[in-house]
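Labels below follow one simple rule: chain letters A, B, ... track the order of the sequence lines, proteins then strands, and each chain is numbered from 1. Keep in mind the model is a prediction, meaning the values are calculated, not measured.
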Amino acid sequence: MLDNSSYSFVLVGVGGQGTLLASNILTEVGLAAGFDAKKSEVHGMAQRGGSVLSHVRWDRERVHSPLVGVGEADVLLSFEKMEAIRFAELVRKGGTAVVNDMAVVPITVSSGKGIYPGDEHLPRLFGELGAKLLMVPGEKLALESGTIKAANVVLLGAVSRLLPLEEALWWQCLSQRIPAKFLDINQKAFALGRAAAAETVAG
Amino acid sequence: MRRILSGNEAIARGAWEAGVHLGAAYPGTPSTEILEELSRFPKVYCEWSTNEKVALDVAAGAAYAGYRALATMKHVGLNVAADSFFYASFTGAEAGLVVVSADDPAMHSSQNEQDNRRFAQFARVPCLDPSDSQECKDFTILGFELSERFDSPILLRTTTRINHSATPVELGERAEVAPKHVKFPRNPEKYVMVPGHARKRHPIVEQRTLDVAAWAETASINRIEWRDRKVGIITAGVAYQYAREVFPTASVLKLGMVFPTPAQLIRTFADGVERLVVMEELDPVLEEQVRLLGLACEGKSIFPICGELDPTLVRRVGAAAGLPVDHAPVEIPAIDKPELPARPPVLCAGCPHRAVFQLLSKKRVPVAGDIGCYSLGLLPPLAAIHTTGCMGAGIGVAHGAARAGIGERMVAVIGDSTFYHSGMAALANVAYNRSNVLTIILDNRTTAMTGHQPNPGTGVTLEQQPSDVIDIEPLVRSLGIKHAMTVDGYDVEGIEKAYIELMSHNEPAVLIARRPCVLLPEIRKQWVPLYVIADKCTGCGICFRIGCPAILKSTEMASGTQKPKALIDPSLCTGCEVCSQVCPFDAIPNRDQVRLAEEESHQSCSEPASERS
């Protein structure tokens with residue numbers, strides 16, 4: 001488990017996957033835990049099916065740059081497998097790539113112009129970078145919790161296991177962002193994600 | 001109370017706390033959320049104006065009348081509003097007038113890169129440049145105070161990384177500012193800019209700039225942070241954050257106001273350091289000011305003019321220039337990445353613009369495009385757009401090519417919101433000057449690209465009040481367009497028929513392809529995913545050519561052609577039926593057929609199927 005005075009996160013995925021909600025919650029968790037926190041993301045054209053990228057930084061004293069430098073992310077949280085490869089260099093040596101076991105096939109592949117990379121690249125690339133790889137079946141666990149839409153909360157649950165913060169703190173921030181009627185489902189999703197990370201971290 | 005706010009939310013909060021009475025804007029990334037957020041507060045009138053110039057005039061009118069007013073826009077919006085920006089600088093106002101320009105370095109969602117601090121210099125409008133959300137809020141409030149104190153509009157210039165980053169902000173209460181007047185001021189020497197009056201205003205404006213510069217010498221938003229004196233960095237905006245991150249030991253002159261600049265403060269700082277560096281995104285605006293003072297400095301010799309700064313880039317070029325970096329640039333091991341397919345933004349599955357582009361692609365006509373989601377009609381396989389410049393440009397470009405005598409028939413495409421923004425005048429020009437341009441108005445009943453803002457065609461305002469709809473077909477007819485037709489954006493055959501009919505006249509013509517954006521919440525509820533009947537698919541590939549992200553190549557090969565059959569991703573398909581219409585082999589059932597088949601399968605489970613003819 002990481003225990004630092006500052007943390008840098010990069011969240012990557014495809015427009016529409018719920019990365020924005022996840023980065024909001026991650027920022028609020030940092031603040032609730034007593035860190036200074038900043039978040040940066042880009043909206044607009046990319047949301048029409050393009051790659052999306054959010055940066056979140058926490059620091060016990062003060063965060064200056066809202067952007068994480070290349071090779072400086074403690075956690076790269078990827079909502080999609082190919083995007084994890086695209087942005088792999090952002091994770092630091094000794095950091096962790098949390099990768100959702102989900103492929104969103106881009107039109108360049110479905111139209112036959114490109115080839116979607118095989119899963120074997122993930123352990124190899126993060127190995128070469130000296131980073132740990134944690135695969136999470138986000139959609140599968142989200143379905144188990146009650147709705148496939150909770151995959152982003154499953155992934156946050158997995159990330160939470162990597163950090164030395166009280167679980168209650170995460171839940172406090174989540175519950176402020178999630179409508180009351182979906183709380184049960186999301187609580188379950190978060191717990192499943194956390195448990196999935198625990199298995200891998202232990203193993 | 002402290003909350004995490006984006007720069008845009010913080011600007012809205014600041015305007016509200018400053019007692020703003022009116023906000024006007026045209027949507028544009030990265031500025032859009034400011035007005036959306038402000039409209040959620042009580043006691044403020046907010047509107048989507050038809051374009052940025054109108055928004056600035058609306059805000060100026062409110063400020064003339066004595067009400068604090070805010071106009072917001074993206075950087076290129078200020079190009080549209082430039083005329084108004086200049087007169088407002090000459091007139092000043094009765095109450096605070098703050099103009100927000102959200103610049104977009106790196107062009108995340110823009111057609112060009114420009115540094116609007118230049119506009120502040122150009123129009124002699126004081127310019128504030130916040131470096132985080134707290135400053136976005138504070139500088140907005142300060143902007144209203146300065147605007148009233150110096151009788152000038154204030155430009156609050158932000159960049160994408162400020163607008164779309166979120167940082168903690170201390171919230172305050174609203175300070176109610178009573179309007180100054182009961183009646184509109186009658187002061188022609190100040191507000192009627194005929195030459196005789198304007199000549200008297202110009203020296204006032206120049207003196208005002210000197211007065212603001214004098215204020216800026218001691219203002220707390222311009223501050224020297226003395227640290228090690230070997231290197232001193234003059235910086236502003238988000239670049240300040242990168243300077244603090246990457247050069248933590250360097251002394252910094254942090255400018256909150258970037259026009260006019262405080263000459264004496266800059267000299268003091270320059271005298272106190274051995275090596276003077278100016279670190280700023282885009283143009284060397286501050287660097288030029290420093291050089292005009294006769295001071296030697298470095299700036300664009302180290303940091304690039306193009307694109308955004310970021311800590312990795314700043315560390316790399318800073319280390320190369322011998323600046324005191326926090327640590328050496330991180331060495332990334334050479335990794336052997338597979339070649340990754342690009343993930344370009346695409347016209348969504350079910351986009352109502354697709355059928356028009358499918359036709360234009362088939363007809364191989366030259367198409368002058370415009371700004372909106374439909375810019376994506378440029379991408380293969382549709383590849384049906386040949387120019388895109390700025391809002392409203394396409395119709396004029398097509399007219400110019402036609403009038404110059406090009407041998408091909410020119411087509412212009414423009415969205416509904418862009419048409420209301422700046423297409424109407426261009427279409428009037430086509431009608432008046434009689435070119436044979438076919439203008440296609442892609443009417444998806446919303447301003448889609450920026451996130452579904454209402455417009456004059458939607459019958460509702462930003463404040464969710466009902467409004468009259470400006471109906472496009474009668475409008476274009478009243479401009480003098482005799483040949484105008486409205487068709488369903490999903491009707492492949494209907495669009496082609498109308499196109500052929502309109503092209504048969506050697507005169508100005510307008511085709512309105514109307515169908516609401518498939519991502520509108522009420523439309524999402526109507527999605528019905530279609531499927532491919534594999535037995536009927538011959539692998540002819542015609543459906544692949546409409547460029548729909550929901551149509552995939554199957555691993556199953558067609559026996560005749562030995563080409564992959566089509567497959568529809570049910571999680572993406574909305575049931576627009578464009579593929580179903582272009583399929584020559586009836587391999588993709590339409591919505592009615594899908595529903596019928598579903599009913600039949602339900603019935604066959606419970607009871608014998610009833611007879612059907």
Parallel, tilted or perpendicular: rings of A/W170 and A/F190 (30°, 60°): tilted
So which residue, [options], ends up with the most heavy-atom pairs under 4.5 Å with chain B?
options                      : value
A/S23, A/G69, A/S54          : A/G69
A/V68, A/V63, A/V104, A/V109 : A/V104
A/R124, A/K113, A/E28        : A/R124
A/G114, A/G71, A/S65         : A/S65
A/R86, A/E89, A/M82          : A/R86

Approximate separation, where rounding is to 0.5 Å, of A/M135 CE and A/F126 CZ: 9.5 Å
Euclidean distance, A/I115 CD1 relative to B/L340 CG, rounded to 0.5 Å: 11.5 Å
Side chain, backbone, both or neither of [X] within contact of chain A (heavy atoms, under 4.5 Å):
X      : answer
B/C548 : backbone
B/I551 : backbone
B/P168 : both
B/D569 : neither
B/A334 : backbone
B/L309 : backbone

Output yes when [X] and [Y] qualify as a salt bridge under the 4.0 Å nitrogen-oxygen rule, no when they do not.
X      : Y      : value
A/E72  : B/R315 : yes
B/R343 : A/E80  : yes
B/E245 : A/R57  : yes
A/E83  : A/K81  : no
B/R3   : B/E9   : no
B/K254 : B/E225 : no

B/T388 to B/S375 - nearest heavy-atom pair and separation: CG2-OG, 4.3 Å
Answer with side chain, backbone, both or neither: which region of [X] has an atom nearer than 4.5 Å to a non-hydrogen atom of chain B?
X      : value
A/I85  : both
A/V105 : backbone
A/E120 : neither
A/N24  : neither

Top contributor to chain A contacts, counting heavy-atom pairs under 4.5 Å, from B/I335, B/T167, B/L552: B/I335
